[in-house]
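First the proteins, then the strands, lettered A, B, ... as listed; each starts at 1.
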Number of protein chains: 2
Amino acid sequence: MEALHLLKDLNLKSTSCRKEVLMIMLAKGHALSHSEIEKDVNPSIDRVTVYRTLKTFLDKGLIHKVLDDAGVTKYALCQGCRTDDHHHEHVHFKCSNCGQTICLDEIDIPPITLPAGFTSAEKNLLIQGVCDTCSAL
Amino acid sequence: MEALHLLKDLNLKSTSCRKEVLMIMLAKGHALSHSEIEKDVNPSIDRVTVYRTLKTFLDKGLIHKVLDDAGVTKYALCQGCRTDDHHHEHVHFKCSNCGQTICLDEIDIPPITLPAGFTSAEKNLLIQGVCDTCSAL
DNA sequence: CTGTGTGCAAACACTTTGCAGGTGT
DNA sequence: ACACCTGCAAAGTGTTTGCACACAG
């Protein structure tokens with residue numbers, strides 16, 4: 001099972017909460033908010049534990065925060081990054097119809113020329129529109 | 001006074017809260033969160049009124065929400081857009097040192113080729129790094 | 001067995017809503 | 001005068017913290 005592997009790789013004890021959260025994120029494939037995750041985990045798991053689990057995953061570089069149009073905090077699995085080496089030049093796409101946010105890892109953010117004196121460390125591009133699933137309806 | 005003009009243009013009654021919020025945003029020149037605004041207005045003005053004022057300004061297209069690295073909602077004055085005609089192809093820059101977020105209106109977001117089936121309606125690019133003021137220190 | 005993770009309770013921050021009274025035009 | 005704003009109170013939601021117990025390694 002992939003979730004177990006990921007936890008072991010990061011030296012994290014494999015607890016039921018961590019396994020469930022991870023499996024949900026692997027299964028869904030798009031960015032999830034805390035409340036969306038909470039809906040899907042076993043109801044015996046505490047809301048607080050989910051928060052702490054997400055924070056742990058963030059610290060370990062297993063997931064990353066996703067920009068949403070201001071308001072909700074969403075999380076998605078990182079692709080190639082670990083605690084030290086993050087490459088978050090992400091393009092995120094949020095569908096205004098179904099509300100899903102997905103990572104478009106294959107798309108690069110074009111280089112931007114900043115005004116003098118500005119240094120770029122991280123770029124996040126959020127595109128909003130209609131996704132392939134919804135436009136097919 | 002510029003604030004009074006803006007309010008009159010939008011058929012909004014010029015109340016002390018609206019004038020103050022607008023003047024603060026004009027003076028600061030960068031994106032502000034609700035709490036930052038609240039700190040600067042006359043303490044007799046209620047927190048709730050500031051929320052409602054921001055919502056009113058949003059509806060009228062006077063200000064727009066700014067993406068922050070997930071968490072805080074910030075607002076900034078719109079440049080050329082009104083209720084109907086919004087052009088929000090914004091580039092926002094957040095300084096990781098001083099925390100300020102500014103709009104780089106003069107920079108265009110390069111065209112992005114989306115996968116088949118995806119339609120783009122709005123693009124937001126958030127760049128994080130060090131701003132000109134901080135890099136000069 | 002030991003330290004980390006969890007559940008519960010509670011506190012705190014952010015935002016929205018209802019209502020009665022005040023204010024701009 | 002009348003509609004629109006505001007202040008206050010309260011509730012809803014999102015998030016964090018402290019502490020005692022449980023559990024994985």
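With rounding to whole Å, A/Lys65 atom NZ is found 10 Å from D/dT15 atom C1'. Note: CG (B/Asn11) to P (C/dG24) measures 17 Å, nearest angstrom. Between the C1' atom of C/dC14 and the NZ atom of B/Lys74 lies a distance of 16 Å, rounded to the nearest Å. Taking atom CG on B/Leu12 and atom P on D/dA3, their separation rounds to 18 Å, with Å as the unit. The separation between A/Leu10 atom CG and C/dG5 atom P is 12 Å, rounded to whole Å. Atom P of nucleotide D/dT16 and atom CD of A/Glu38 are separated by 14 Å, given to the nearest angstrom. Per the geometry, NZ belonging to B/Lys13 stands 11 Å off C1' belonging to D/dA1, to the nearest Å. Rounded to a whole Å, the NZ atom of B/Lys60 is 12 Å from the C1' atom of D/dC4.
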Which donor-acceptor pairs under 3.5 Å do side chains of residues 125-134 of chain A form with protein atoms, sequence neighbours excluded?
none

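Neither OP1 nor OP2 of C/dC14 sits under 4.0 Å from any side-chain N or O of B/Thr73. In this structure, A/Ser14 does not reach the C/dG5 phosphate: none of its side-chain N or O atoms is under 4.0 Å from OP1 or OP2.
In this structure a side-chain-to-backbone donor-acceptor pair under 3.5 Å is present from A/Asp46 to A/Val48.
Candidate nucleotides D/dG14, D/dT6, C/dT4 were compared by shortest atom distance to the side chain of A/Ser35, and D/dG14 ranks first. Across C/dG7, C/dT6, D/dG7, the shortest atom-to-atom separation from the side chain of A/Ile45 is found for C/dG7.
Between A/Thr101 and A/Lys74, the side chains place a donor N or O and an acceptor N or O closer than 3.5 Å (distance only, hydrogens not considered).
Listed by residue number, A/Val48, A/Tyr51, A/Arg52, A/Lys55 are the residues of residues 48-57 of chain A with a heavy-atom contact under 4.0 Å to DNA chain D.
Of the residues near DNA chain C, B/Arg47 and B/Ser16, the one whose nearest nucleotide (by heavy atom distance) lies more toward the 5' end is B/Arg47. Between A/His34 and B/Asp46, the one whose closest nucleotide on DNA chain D sits nearer the 5' end is B/Asp46.
Counting heavy atoms from C-beta on, the side chains of B/Ile24 and B/Lys28 come closer than 4.5 Å. No side-chain heavy atom of A/His64 sits less than 4.5 Å from a side-chain heavy atom of A/Tyr75. Contact check for A/Thr56 versus A/Leu10: no side-chain heavy atoms found under the 4.5 Å cut-off.
Taking the six-membered ring for Trp and thresholds of 30 and 60 degrees, B/His34 and B/Tyr51 have nearly parallel ring planes, at less than 30 degrees apart.
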